[in-house]
Structure formats: C-alpha cells, structure tokens
J.: 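Take a look at the following structure, please.
Keep in mind it's a predicted model, so treat the numbers as computed, not measured.
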Amino acid sequence: MDVDQGLRAQKEAFQTRMVVLMQRREQLEQKKQELKGAFLRFDKFLQDAEARRSRAARRVAEARQGAGRQEAEAQRLRAQLEALRRERAPLRRRLERLGPGARLLERVLGQLPEFQEVPELVARFGALADTLAALRLREHELRAQLEEARARLRRLRDARRDELLRRGQQRAQLLGRLEAAREHAVHWESQWAQIQNTAAEKTLLLGRVRMAALNLYQLVCQHQRQPPALAMEDSEGQLEQVKLFLLDRSALLASLPRSEPETPAT
C-alpha cells in the first residue's frame with residue numbers, strides 16, 4: 001500500500017509536470033508564433049521603408065533630371081532666341097530690299113482681279129516659272145535627241161553609201177565573173193557540140209564496123225556451114241572468129257605448093 005501510494009503520488013506528480021510542460025510548450029509555441037508575426041511585420045516594415053526610400057530617391061532623381069532638362073531646354077531656347085536675333089537683321093534688310101517688289105506685286109494684284117492674295121499671284125508665277133523650266137529642259141532633251149538622231153542618220157547614210165559602194169564593187173566583180181562564165185560556157189558548148197559530133201561519127205563508124213564484123217562472121221559461118229553461135233552484139237567474138245578463120249586459111253594456103261607461072265608462047 002505504501003508503495004502503491006508512492007507510485008500514485010509519483011504518477012500524479014509526473015502527470016502534473018506533464019500538464020505544466022504541455023502548458024509551457026503551448027505558451028512557447030504561442031510566443032514563437034507571436035515572434036514570427038513580429039518578424040514578418042518588421043520585415044514588411046523594412047520593405048515598405050525601402051520602397052518609400054526608393055520612391056523618394058526616384059522622385060529626387062526625376063526632379064533633378066527634370067531640372068536638367070528644363071535647364072537644357074532653357075539653354076536651347078536662349079540659343080534659338082540668339083539665333084533668331086542674329087537672323088532678324090538680315091531678314092529686316094531683305095524685307096527692306098524686297099519692299100518695292102512687294103508694293104509692285106500689290107499694284108499688279110490690284111490690276112488682276114482673278115487673284116485675291118499676293119501668295120496666289122506668286123504661286124501662279126512660280127508654277128509658270130516651273131512650267132517654263134520644265135519646257136526648257138524638255139526642249140534641251142529634244143534637241144539632244146534630235147542631234148543624236150541626226151548623228152545616227154549621218155552614220156546610216158555613210159553606212160548605206162559604203163554598202164552601195166561595196167555592192168557596186170561586188171556587182172562589177174559578179175558581172176566580170178558572169179561574162180567569164182558565159183565565155184566559158186560558150187567554149188564548153190562548142191566543145192560539147194564537137195564532142196557530140198565526134199561521138200556521132202564514132203557511133204556511125206562503130207555501127208559500120210559492127211555491121212562489117214557481122215557480115216564477115218556470117219560469111220565465115222556460111223563457108224563453114226555452121227549456124228551463127230554468137231550474139232549479134234558480140235562484135236569482138238565475131239572478129240575473133242573471123243581472125244581464126246583467116247589464120248586457118250592463111251596456114252592452109254602457106255602449106256600448098258606454089259605453081260610456076262606459064263611461059264607465054266612466042
């Protein structure tokens with residue numbers, strides 16, 4: 001029982017300590033969350049402060065740049081004003097020099113009711129001047145084209161004259177060659193006529209020879225009592241047969257004894 005009571009007392013004390021520890025742990029966790037929130041709020045505060053500082057620095061830089069731009073613009077305007085002041089004197093002198101012309105234009109404008117203002121009159125005369133300049137430029141171009149066409153025509157005439165001269169020389173050469181060809185043709189025509197006449201004579205003579213050979217061959221065949229075996233056109237064969245016949249008869253005559261001639265009576 002004492003031991004159990006001691007154990008119960010220890011158990012109760014342990015439970016009491018555990019409860020206290022749990023409470024302290026919860027308190028620590030709560031403080032941790034509070035510290036974490038405080039850190040987050042402080043970090044956000046630092047970020048906001050840095051953003052405000054950056055914006056302030058940017059505004060200061062922009063203000064400085066704006067001031068620089070304004071100063072530069074002021075300097076540019078002062079330089080432009082000085083330049084305008086320098087230009088004012090020559091413009092005034094030019095205005096004084098152009099004053100009579102302006103008064104003359106006003107008088108002309110009064111005599112020309114179709115124009116209401118001087119700029120219209122100046123614009124019209126400017127357009128006329130531009131048209132005149134364009135016409136002069138066109139005239140210059142046309143003159144250049146005309147000169148080029150004339151030069152081309154001269155070249156063409158020279159080329160045509162040279163061509164005609166060359167054609168004339170060729171014509172003379174061709175006429176000479178034609179005359180020589182005609183003489184050559186006449187010569188060869190006479191030669192051809194002579195050749196034709198000679199050929200006709202030779203043909204006639206050849207016909208006579210063929211006819212004589214045929215007659216001799218037929219006589220030989222009749223003497224030998226043999227029909228003609230050669231064609232009528234084979235004159236060479238016929239003459240060969242006649243030649244053999246004559247040689248045979250010549251040999252026969254040579255083999256016969258010669259008879260002495262009779263002495264005439266006194």
J.: Nearest 0.5 angstrom please: Q75 CD to E82 CD, how far?
T.: 13.5 Å
J.: Can you tell me how far the OG1 atom of T16 sits from the CG atom of L21, to the nearest 0.5 Å?
T.: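 Here the rounded value is 10.5 Å.
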J.: Between side-chain atoms of residues 179-193 and protein atoms elsewhere (two or more places apart, or another chain), which donor-acceptor pairs fall under 3.5 Å?
T.:
| from | atom 1 | to | atom 2 | distance (Å) |
| --- | --- | --- | --- | --- |
| H184 | ND1 | W188 | NE1 | 3.3 |
| H184 | NE2 | W188 | NE1 | 2.5 |
| S190 | OG | V186 | O | 3.3 |
| S190 | OG | H187 | O | 2.5 |

J.: How about R166: does its CZ atom have over 12 heavy atoms from other parts shown lying under 6.0 Å from it?
T.: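 Enclosed: over 12 neighbouring heavy atoms sit under 6.0 Å from CZ of R166.
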J.: Please list, chain by chain and in numerical order, all residues satisfying salt bridge (Lys or Arg N to Asp or Glu O under 4.0 Å) with R17, sequence neighbours excluded.
T.: none
J.: Please enumerate all residues that pass salt bridge (Lys or Arg N to Asp or Glu O under 4.0 Å) together with E139, with sequence neighbours excluded.
T.: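 Checked E139 against salt bridge (Lys or Arg N to Asp or Glu O under 4.0 Å); matches are R143.
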J.: Can you hop from L246 to V220 via hydrophobic side chains spaced under 4.5 Å?
T.: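 L246 clusters together with V220.
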J.: What is the distance from atom CZ of R55 to atom CD of E50, rounded to the nearest 0.5 Å?
T.: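 So the CZ of R55 and the CD of E50 are separated by 10.5 Å.
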J.: When you check the gap from the basic side-chain N to the acidic O, do E163 and R160 get nearer than 4.0 Å?
T.: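 No.
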J.: What do the steps show when you test R154 against R157 for side chain to side chain contact (heavy atoms under 4.5 Å, CB included), and what is the final call?
T.: CA-CA 5 Å; R154 286 194 297 270; R157 285 178 178 175; 5.6 Å; no
J.: Report the distance from atom CZ of R25 to atom CE of M18, rounding to the nearest 0.5 Å.
T.: 9.0 Å
J.: Taking ILVMFWY side chains as joined if any heavy atoms are under 4.5 angstrom apart, and letting links pass through other members, which residues group with L132?
T.: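 Reading the cluster by chain and number, L132 sits alone, since nothing else belongs.
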J.: Is it true that atom CD of Q145 has more than 12 heavy atoms of other residues, nucleotides or ligands lying nearer than 6.0 Å?
T.: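 Count over threshold, so yes.
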J.: When rounded to the nearest 0.5 angstrom, what distance separates CG in L142 from CD in E148?
T.: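 Answer for the CG-CD pair, L142 versus E148, is 12.0 Å.
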J.: Using side-chain heavy atoms (C-beta onward) and a distance below 4.5 Å, is L84 in contact with Q80?
T.: yes
J.: Is it true that D158 and R155 have a side-chain N and a carboxylate O under 4.0 angstrom from each other?
T.: no
J.: Identify each donor-acceptor pair in which a side-chain atom of residues 204-219 lies under 3.5 Å from a protein atom, sequence neighbours left out, and give them as a table.
T.:
| from | atom 1 | to | atom 2 | distance (Å) |
| --- | --- | --- | --- | --- |
| R210 | NH1 | E233 | O | 3.0 |
| R210 | NH1 | S235 | OG | 3.0 |
| N215 | ND2 | M211 | O | 3.1 |
| Y217 | OH | A229 | N | 3.0 |
| Y217 | OH | L230 | N | 3.2 |

J.: In residues 28-41, what donor-acceptor pairs under 3.5 Å come from side-chain atoms, sequence neighbours left out?
T.:
| from | atom 1 | to | atom 2 | distance (Å) |
| --- | --- | --- | --- | --- |
| E29 | OE2 | Q33 | NE2 | 3.2 |

J.: Output, in order, the C-alpha distance, side-chain angles, deciding distance and verdict of side chain to side chain contact (heavy atoms under 4.5 Å, CB included) for E236 and L239.
T.: CA-CA 5 Å; E236 295 180 358; L239 291 174; 5.9 Å; no
